[in-house]
Q: 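Structure in structure tokens, see below.
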Amino acid sequence: MIRQQDGVSKNKHIIRLTDCTMDEVQEIFKIADKLQQGEYQNILSGKTIVLFFPESSIRTRVAFERGIYLLGGQSILFPPETLDKKEKIEDVVGYLNQWIDAAVIRHKDIQLLDDIARYAEFPVINGMTDLNHPCEMLGDLYALSKIRADYRKDQYLFVGAPGNIGYAWKEAAELAGFRLRQCCPKGYEIGGLEVIHDIQEGVKGADIICSDSIPKAARQDFADFQITGEIMGLANHHAVLNPCPPFYRGEEVSDEVIGSDAFVGYEFKKSLLEIQQAILIHHMFQ
């Protein structure tokens, strides 16, 4: 049971995707469906959501700011460095508790989000850390639920090095129970995943192929792991390519595969708007 005070949930956060149950994920998806049908208009009227995002953030930040605006709420933006100060975080949060109704935080250190959540009387939403990206995952899973008979029964392949996106897909697999494998050169394995060290073998049997940008120091090692149209042709019929943005043509993906029918990136990110609105609604009012 989520405790409520003046319509705002107390101590209900989403810092890791595994903070949610699949029942809660389905509730968020249902709210997103209703949002697309025009429900929940002005539900955030009189509510203030503080956002901590760097200048480089585009998709997640735009979707949150626009989503809050469309629901009648107020957003206040700070750079994440605002939280890196001498003042104890419990004192920062102690003041924010007096004025705000939710916080969306993009910060490299997930421990900081845990610390904020410990003292917050408002929902804390993880906008991305160095270890995960739960809102992105929920958006992708929602988009997949609209095009697959049962996305939890599909075979997933992550092509890339260890990083927040690879770890985020692992979190998603742990929550939803789907099979996730990683394809990478030796030395770049994510612990706990089945790993294939050959891209042609890796894509065989895959339904959903995901990727992340390659760190500069690893690009030479990943030279033979680029996802091309030819490589996608080895995957299952109707397999989709969902590279995490920002993706780089000519590095982890080829230019021509981005122009193919397999690429679903732009269409999938449309769902971020309703999903991030739904996350706020679910965690503030449900």
Side-chain angles (χ1 to χ4, degrees), residues 1-21 24 27-28 31-32 35 39-57 59-136 138 272-286:
M1 176 69 67
I2 301 172
R3 293 177 292 162
Q4 293 186 342
Q5 179 176 319
D6 297 328
V8 179
S9 300
K10 307 287 277 185
N11 300 321
K12 180 62 179 176
H13 315 293
I14 177 166
I15 296 173
R16 295 163 182 82
L17 195 56
T18 46
D19 291 340
C20 299
T21 66
E24 289 174 320
E27 288 177 17
I28 291 170
I31 294 170
L35 282 161
E39 296 191 32
Y40 298 107
Q41 291 187 24
N42 294 316
I43 192 172
L44 295 185
S45 178
K47 305 298 183 184
T48 299
I49 295 90
V50 169
L51 309 176
F52 294 90
F53 278 93
E55 290 183 356
S56 60
S57 177
R59 286 153 288 265
T60 307
R61 174 183 161 184
V62 168
F64 265 118
E65 286 202 55
R66 177 170 171 77
I68 293 165
Y69 165 77
L70 291 174
L71 295 176
Q74 175 194 31
S75 61
I76 301 175
L77 177 68
F78 292 98
E81 294 80 12
T82 308
L83 297 169
D84 300 326
K85 53 172 60 184
K86 183 178 179 180
E87 185 181 10
K88 285 185 174 294
I89 200 65
E90 64 187 279
D91 295 324
V92 174
V93 176
Y95 287 108
L96 290 178
N97 281 335
Q98 313 307 311
W99 305 310
I100 74 170
D101 302 291
V104 182
I105 305 171
R106 174 168 289 194
H107 194 282
K108 62 182 180 179
D109 186 3
I110 196 170
Q111 183 59 53
L112 178 64
L113 273 69
D114 286 332
D115 292 342
I116 292 170
R118 186 174 299 116
Y119 302 107
E121 296 178 0
F122 49 82
V124 176
I125 311 298
N126 179 351
M128 192 177 81
T129 71
D130 280 354
L131 291 180
N132 61 356
H133 201 348
C135 295
E136 180 100 351
L138 285 173
L272 270 181
L273 178 65
E274 289 87 5
I275 279 295
Q276 291 178 174
Q277 288 178 315
I279 290 169
L280 286 170
I281 292 169
H282 180 267
H283 284 69
M284 292 174 67
F285 298 101
Q286 301 298 303

Q: Using the test side chain to side chain donor-acceptor pair (under 3.5 Å), find all partners of Ser75 that sit at least two apart in sequence or belong to another chain.
A: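 Result, side chain to side chain donor-acceptor pair (under 3.5 Å) vs Ser75: none returned.
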
Q: Are Arg16 and Asp114 close enough, and set up right, to give a salt bridge (charged side-chain N to carboxylate O under 4.0 Å, His left out), and what steps lead you there?
A: CA-CA 10 Å; Arg16 295 163 182 82; Asp114 286 332; 2.8 Å; yes

Q: How close do Gly72 and Asn42 get, heavy atom to heavy atom, and via which atoms?
A: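 Smallest heavy-atom distance, with atoms named: CA-OD1, 3.9 Å.
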
Q: Show the nearest heavy-atom pair for residues Val124 and His13, with the distance to one decimal.
A: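 In this case the closest contact between Val124 and His13 is N-ND1, 2.9 Å.
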
Q: How far apart are the closest heavy atoms of Pro80 and His107, and which atoms are they?
A: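 Looking at all heavy atoms of both residues, the closest pair is O-CD2, 3.7 Å.
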
Q: Please determine whether the number of non-hydrogen atoms from other residues, nucleotides or ligands lying under 6.0 Å from atom CZ of Arg59 exceeds 12.
A: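 Atom CZ in Arg59 is packed in, count exceeds 12.
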
Q: Tell me, do Leu280 and Lys47 make a side-chain contact under 4.5 Å, heavy atoms counted?
A: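 Of all side-chain heavy-atom pairs linking Lys47 with Leu280, none is under 4.5 Å.
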
Q: More than 12 foreign heavy atoms under 6.0 Å from CD of Glu87: is that the case here?
A: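 Yes, the 6.0 Å shell around CD holds more than 12 heavy atoms from other groups.
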
Q: Please find the pair of heavy atoms, one from Ser57 and one from Arg106, that lie closest to each other, and give the distance.
A: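 Looking at all heavy atoms of both residues, the closest pair is OG-NH1, 3.4 Å.
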
Q: Which residues pass the salt bridge (charged side-chain N to carboxylate O under 4.0 Å, His left out) test with Asp19, not counting sequence neighbours?
A: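 Residues passing salt bridge (charged side-chain N to carboxylate O under 4.0 Å, His left out) with Asp19: none at all.
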
Q: Quick check: does any side chain N or O of Glu121 sit under 3.5 Å from a backbone N or O of Asn97, one acting as donor and the other as acceptor?
A: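 No; zero donor-acceptor contacts below 3.5 Å.
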
Q: Are the side chains of Asn132 and Leu17 in contact, using a 4.5 Å heavy-atom criterion?
A: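 They are not in contact (no side-chain heavy atoms under 4.5 Å apart), so the answer is no.
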
Q: Partners of Gln74 by side chain to side chain donor-acceptor pair (under 3.5 Å), sequence neighbours excluded?
A: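 Partners of Gln74 under the side chain to side chain donor-acceptor pair (under 3.5 Å) test: Thr48.
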
Q: Would you call Lys88 and Asp115 a salt bridge, taking side-chain N to carboxylate O under 4.0 Å as the test?
A: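 No, this pair does not count.
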
Q: Would you check if the side chain of Glu24 reaches a backbone N or O of Thr21 as a donor-acceptor pair within less than 3.5 Å?
A: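 Answer holds: yes.
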
Q: When the ring planes of Phe53 and Phe64 are compared, do they come out parallel, tilted or perpendicular, using 30° and 60° as the limits?
A: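 Aromatic pair Phe53/Phe64 classed tilted.
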
Q: Are Gln276 and Val104 packed together at the side-chain level, in the sense that at least one heavy-atom pair is separated by less than 4.5 angstrom?
A: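 SC-SC contact between Gln276 and Val104 ruled out.
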
Q: Do the side chains of Ile14 and Leu138 get nearer than 4.5 Å, heavy atoms only?
A: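 A side-chain contact exists here, since the closest heavy-atom pair is under 4.5 Å.
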
Q: If the condition is side-chain contact (heavy atoms from CB on, under 4.5 Å), which residues does Asp130 pass it with, not counting sequence neighbours?
A: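 Asp130 satisfies side-chain contact (heavy atoms from CB on, under 4.5 Å) with Lys108 once adjacent residues are dropped.
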
Q: For residues Gly127 and Thr60, report the shortest heavy-atom separation together with the two atoms involved.
A: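 So the two residues come closest at O-CG2, 4.1 Å.
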
Q: Taking atom CG of Asp91 and atom CG of Leu96, what is their separation to the nearest 0.5 Å?
A: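 Reported value, rounded in 0.5 Å steps: 11.0 Å.
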
Q: Go through Phe122 and Ile49 one step at a time and tell me if the side-chain contact (heavy atoms from CB on, under 4.5 Å) criterion holds.
A: CA-CA 10 Å; Phe122 49 82; Ile49 295 90; over 6 Å; no

Q: Please round to the nearest 0.5 Å and tell me the distance separating atom CD1 of Ile279 and atom CD of Glu27.
A: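 If we round to the nearest 0.5 Å, Ile279:CD1 and Glu27:CD are 13.0 Å apart.
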
Q: For Glu274, check salt bridge (charged side-chain N to carboxylate O under 4.0 Å, His left out) against everything at least two apart and list the hits.
A: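 With sequence neighbours excluded, Glu274 shows a salt bridge (charged side-chain N to carboxylate O under 4.0 Å, His left out) to no residue whatsoever.
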
Q: Using every non-hydrogen atom in the two residues, find where Leu44 and Ile68 come nearest and quote the distance to one decimal.
A: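 Looking at all heavy atoms of both residues, the shortest contact is CD1-CA, 4.2 Å.
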
Q: Under a 4.5 Å cut-off applied to non-hydrogen side-chain atoms, are Glu136 and Met128 in contact?
A: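 Not in contact.
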
Q: Check whether any side-chain heavy atom of Leu35 sits under 4.5 Å from a side-chain heavy atom of Leu273, and report yes or no.
A: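 A side-chain contact under 4.5 Å is absent here.
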
Q: In sequence, state the C-alpha distance, the side-chain angles, and the governing distance for Ile105 and Leu112, and then conclude on side-chain contact (heavy atoms from CB on, under 4.5 Å).
A: CA-CA 10 Å; Ile105 305 171; Leu112 178 64; 5.7 Å; no

Q: Can you tell me how far the CZ atom of Phe52 sits from the CG atom of Leu83, to the nearest 0.5 Å?
A: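 Rounded to the nearest 0.5 Å, the CZ-CG separation comes out at 4.0 Å.
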
Q: Can you list everything that forms a side-chain contact (heavy atoms from CB on, under 4.5 Å) with Leu131? Sequence neighbours excluded, please.
A: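 By the side-chain contact (heavy atoms from CB on, under 4.5 Å) rule, Leu131 matches Ile110, Thr129, Tyr167.
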
Q: Carefully, step by step, assess Met284 and Ile43 under the rule side-chain contact (heavy atoms from CB on, under 4.5 Å).
A: CA-CA 10 Å; Met284 292 174 67; Ile43 192 172; over 6 Å; no

